[in-house]
J.: 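Sharing a structure below in structure tokens format, with a few things to ask.
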2 protein chains.
Amino acid sequence: MVQDSIRVLQAHGHKLTKPRRLVLEVLEENEKPLSPYDIQGILRTRGKYLNHVTIYRTLDLLCNLNLAHRMLSSGGFIKCSLDSTEGCHRFMVCQNCGAIQEFADKELCQEENDFAQNFGFHTEHHLSEFSGFCSQCYRKQPQLAE
Amino acid sequence: MVQDSIRVLQAHGHKLTKPRRLVLEVLEENEKPLSPYDIQGILRTRGKYLNHVTIYRTLDLLCNLNLAHRMLSSGGFIKCSLDSTEGCHRFMVCQNCGAIQEFADKELCQEENDFAQNFGFHTEHHLSEFSGFCSQCYRKQPQLAE
DNA sequence: AGCTAATTGCAATATTGTTGCATTTAGCCT
DNA sequence: AGGCTAAATGCAACAATATTGCAATTAGCT
Ligand SMILES: [Mn+2]
Ligand SMILES: [Mn+2]
Ligand SMILES: [Zn+2]
Ligand SMILES: [Zn+2]
């Protein structure tokens, strides 16, 4: 919900502006990653103009608050679809249809922390992207996954 | 070793050219991620000029062969420091000094695969970046990690 | 309603990435 | 060793993405 993001935004002392609400709305509606200029384009088709600088700055802010993420695979931005996963953001990216599913798992985090600990590394944040095939694409075109 | 990468390169039917060797050497020497233009700059200080297009194309190739990776955190490229980890590339990134340590773990992969399977997702590749503090930075400035 | 720090838009610039095509070259074959 | 050719490079032009400083606007407060 856009409303939830707005709450977080304000809880951190940021203002709720029209541009920020518009960007949040676009991210909310799109399950696939969007570039800053994608967002600008989508808004333009609705008669809403935002300067790209504003969009960049908004996305920066949202990423800092973990309300959005930048995907490694595409470089585009996507809304964080989970709450209270501070420090753990995991994505399954279908290499066929591009669909993205975010998930989180405390046990996985724990195991990863332990593993890194062996190197003397103290983990604060976990970020991962698994690429493969979503259930639909796997069923439809199993040969792709050979 | 640059030599190892060259072998992989040739095993896939690609030519070993001067530009490719130069890029491999630069990646080999630098433990931190470099952008294409960084690489060009480094080479220039040695009197070696490479067109940026060539560097882009070389990095593309190296990434496709899993001889290099593009880091999520910085966007820069870094040499893959492990062999035979086809489909699994994990990094610990020190948020203080920027040092990067690559590692891999089959068990972790298995658990992640199983987890994704619950969503009907068939995982092919694992990519992850953990950010935190390397042993040195953690010792020196424990307050940073609070 | 008025105040003010935060935010936005604008303009200019910088950086990063792509494409088509002529030239060069690595690896192979005499 | 010298020639052949597909692969790779460099160049030029362009396209897309990203950053900065500053003046104008505005959200959230009193
Ligand atoms: Mn998230
Ligand atoms: Mn690797
Ligand atoms: Zn799919
Ligand atoms: Zn460190």
Side-chain angles (χ1 to χ4, degrees), chain A residues 2-3 5-27 32-44 46-65 67-78, chain B residues 2-3 5-27 32-44 46-65 67-78:
Chain A
V2 168
Q3 215 45 246
S5 297
I6 291 175
R7 258 186 290 276
V8 174
L9 204 69
Q10 292 180 321
H12 283 78
H14 301 288
K15 292 184 180 176
L16 169 59
T17 61
K18 279 175 221 160
R20 287 176 178 168
R21 163 168 267 134
L22 288 173
V23 170
L24 279 171
E25 284 170 1
V26 171
L27 288 180
K32 294 184 187 171
L34 301 173
S35 77
Y37 289 95
D38 288 339
I39 294 171
Q40 189 179 49
I42 291 171
L43 285 171
R44 192 153 31 210
R46 302 179 189 170
K48 311 279 184 183
Y49 172 78
L50 287 191
N51 189 280
H52 69 278
V53 178
T54 301
I55 299 176
Y56 275 94
R57 297 196 271 227
T58 299
L59 289 171
D60 268 2
L61 178 63
L62 296 181
C63 285
N64 285 337
L65 295 173
L67 295 175
H69 300 293
R70 176 163 216 171
M71 301 298 297
L72 172 60
S73 37
S74 59
F77 294 85
I78 196 165
Chain B
V2 168
Q3 216 45 247
S5 297
I6 291 175
R7 259 186 290 276
V8 174
L9 205 69
Q10 292 179 322
H12 283 78
H14 301 287
K15 294 185 179 175
L16 170 58
T17 60
K18 278 175 221 160
R20 286 176 180 169
R21 164 168 266 136
L22 289 174
V23 170
L24 279 171
E25 284 170 0
V26 171
L27 287 181
K32 294 183 188 173
L34 300 173
S35 77
Y37 289 95
D38 287 338
I39 294 171
Q40 189 179 49
I42 290 172
L43 286 170
R44 191 151 33 208
R46 302 179 189 170
K48 311 278 184 184
Y49 173 78
L50 287 190
N51 188 280
H52 69 278
V53 178
T54 301
I55 299 176
Y56 274 95
R57 296 196 272 225
T58 299
L59 290 171
D60 268 3
L61 177 63
L62 297 181
C63 285
N64 285 336
L65 295 172
L67 296 175
H69 300 293
R70 176 162 217 173
M71 301 299 297
L72 172 60
S73 37
S74 60
F77 294 86
I78 196 165

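Order of the sequence lines sets the chain letters (A, B, ...), proteins ahead of strands, with each chain counted from 1.
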J.: Give a yes/no on whether any side-chain N or O of B:Thr54 is located under 4.0 angstrom from OP1 or OP2 of D:dG10.
T.: yes

J.: When the nearest nucleotide of DNA chain C is assigned to A:Val53 and to B:Ser35 on a heavy-atom basis, which residue is associated with the more 5' position?
T.: A:Val53

J.: Calculate the interatomic distance between A:Arg21 atom CZ and D:dA27 atom P; express it in whole Å.
T.: 11 Å

J.: Identify whether any heavy atom of B:His14 sits under 4.0 Å from a base atom; if not, whether one sits that close to sugar-phosphate; answer base, sugar-phosphate or nothing.
T.: sugar-phosphate

J.: Rounded to whole Å, how long is the line connecting atom CG of B:Asn51 with atom P of C:dT16?
T.: 15 Å

J.: Taking all non-hydrogen atoms of both residues, which atom of A:Arg20 and which atom of A:His14 are closest, and how far apart?
T.: NH1-CB, 3.8 Å

J.: Look at all strands and tell whether A:Arg20 reaches a base, only sugar-phosphate, or nothing, counting heavy atoms closer than 4.0 Å.
T.: sugar-phosphate

J.: Send over the distance from A:Tyr37 OH to D:dA16 P, rounded to a whole Å.
T.: 10 Å

J.: Less than 4.0 angstrom between a side-chain N/O of B:Arg70 and OP1 or OP2 of C:dT16, yes or no?
T.: no

J.: If you round to the nearest 0.5 Å, how far is CE of A:Met71 from OG of A:Ser35?
T.: 14.5 Å

J.: Where the side chain of B:Leu50 is defined as all heavy atoms beyond and including C-beta, which of D:dG10, D:dA18, C:dT8 is the nearest nucleotide?
T.: D:dG10

J.: From the options C:dG27, D:dC11, C:dA6, select the nucleotide whose nearest atom is closest to the side chain of A:Lys15.
T.: C:dA6

J.: Rounded to whole Å, please give me the gap between OH in B:Tyr49 and C1' in D:dC11.
T.: 8 Å

J.: Could you report the tightest heavy-atom contact between A:Pro19 and A:Thr54, atom names first, then the distance?
T.: CB-CG2, 3.7 Å

J.: Roughly how far apart are B:Leu59 CG and B:Leu27 CG, rounded to 0.5 Å?
T.: 6.0 Å

J.: Can you measure A:Ile55 atom CD1 to D:dA16 atom P for me and round it to whole angstrom units?
T.: 16 Å

J.: Can you tell me how far apart CD (A:Gln3) and CZ (A:Arg21) are? Round to the nearest 0.5 Å.
T.: 6.0 Å

J.: Between C:dT8 atom P and A:Leu59 atom CG, what is the distance in whole Å?
T.: 11 Å

J.: Of the candidate nucleotides D:dA7, D:dG10, D:dT19, which contains the atom at the shortest distance from the side chain of A:His52?
T.: D:dT19

J.: Looking across every strand, which nucleic acid part, if any, lies under 4.0 Å from A:Gln10 by heavy atom: base, sugar-phosphate, or nothing?
T.: sugar-phosphate

J.: Please tell me if A:Tyr56 has a side-chain N or O lying less than 4.0 Å from either OP1 or OP2 of D:dA18.
T.: yes

J.: Could you work out which one of D:dA27, D:dC11, C:dG17 sits closest to the side chain of B:Arg57?
T.: D:dC11

J.: In whole Å, I'd like the distance from the CG atom of B:Leu16 to the P atom of C:dT24.
T.: 21 Å

J.: For the pair made of NZ in A:Lys18 and P in C:dG9, what is the distance, rounded to whole Å?
T.: 10 Å

